[in-house]
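In what follows, every heavy atom counts, from backbone to side chain, and hydrogens, waters and symmetry copies are set aside. Worth saying up front: this structure is predicted, and the values here are computed from it rather than measured. Just so you know, residue 1 is the first one in the sequence shown, and it goes up from there.
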Amino acid sequence: MTAGNGCHHPPDGRAPGGPETEVTRTRPGTLRAIHRALAPGGILLEQELDSKPADTAHAPALALRRMVFHGWGISFASTAEQLAVEAQAAGFTLIRIATTNLGRMVVLRR
């Protein structure tokens, strides 16, 4: 497998050098990597995506994103609550779910 940076990685998704340099294509693995990278007390923000287009002009782009997520094998447009559960399973602590002008945001702490 070749990662986007041109590095070669074995088919199991791990980079040479052991688990500290794990390259992953899974949401739980990515969240664990972010958790390891953040300093204690560091903040992670996750944004809930709209599952339906705001208008018909945005429908094609939304359909494409949905297909890409499906191809990656990950859920599309998880709710803020679902995002919070995933992040908590990776070791984060939920601070709050906030409703903003940009949509619902999940605020978590390492």
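The nearest pair of heavy atoms linking Ala39 to Arg110 is O-CD, 3.6 Å. Ala84 and Leu108 make their closest contact through O-CD2, 4.3 Å (heavy atoms, listed as atom of the first residue, atom of the second, distance). Here the closest non-hydrogen pair linking Val107 and Ile43 is CG1-CG2, 4.1 Å. In terms of heavy-atom proximity, Thr100 sits nearest to Gly103 at OG1-O, 2.7 Å.
Listed for the Gln47 side chain is a donor-acceptor partner under 3.5 Å among the backbone atoms of Leu102.
Taking CD from Gln88 and CG from Leu83, the interatomic distance works out to 11.0 Å, rounded to the nearest 0.5 Å. Here the straight-line distance linking atom CZ of Arg65 with atom CG of Leu62 works out to 5.5 Å at 0.5 Å rounding. One distance of note links CE of Met105 with OG1 of Thr99; it measures 11.0 Å at 0.5 Å rounding.
In this structure, the side chains of Leu94 and Val106 come closer than 4.5 Å at one or more pairs of heavy atoms.
Leu45 and Leu49 end up in different hydrophobic clusters when Ile, Leu, Val, Met, Phe, Trp and Tyr side chains are linked at under 4.5 Å. Put simply, Ile97 and Val85 are part of two different groups of oily side chains (I, L, V, M, F, W, Y) that touch within less than 4.5 Å, one to the next.
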### Task
Please step through ring pair (Phe, Tyr, Trp, His ring centres under 6.0 Å) for the pair His35 and Phe92, ending with a clear verdict.
CA-CA 7 Å; His35 189 269; Phe92 287 93; 4.9 Å; yes
### Task
Test Glu86 against Glu81 for side-chain contact (heavy atoms from CB on, under 4.5 Å), laying out the working first.
CA-CA 9 Å; Glu86 286 180 334; Glu81 291 78 12; over 6 Å; no
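The salt bridge (Lys or Arg N to Asp or Glu O under 4.0 Å) search around Glu46 returns none, not counting sequence neighbours.
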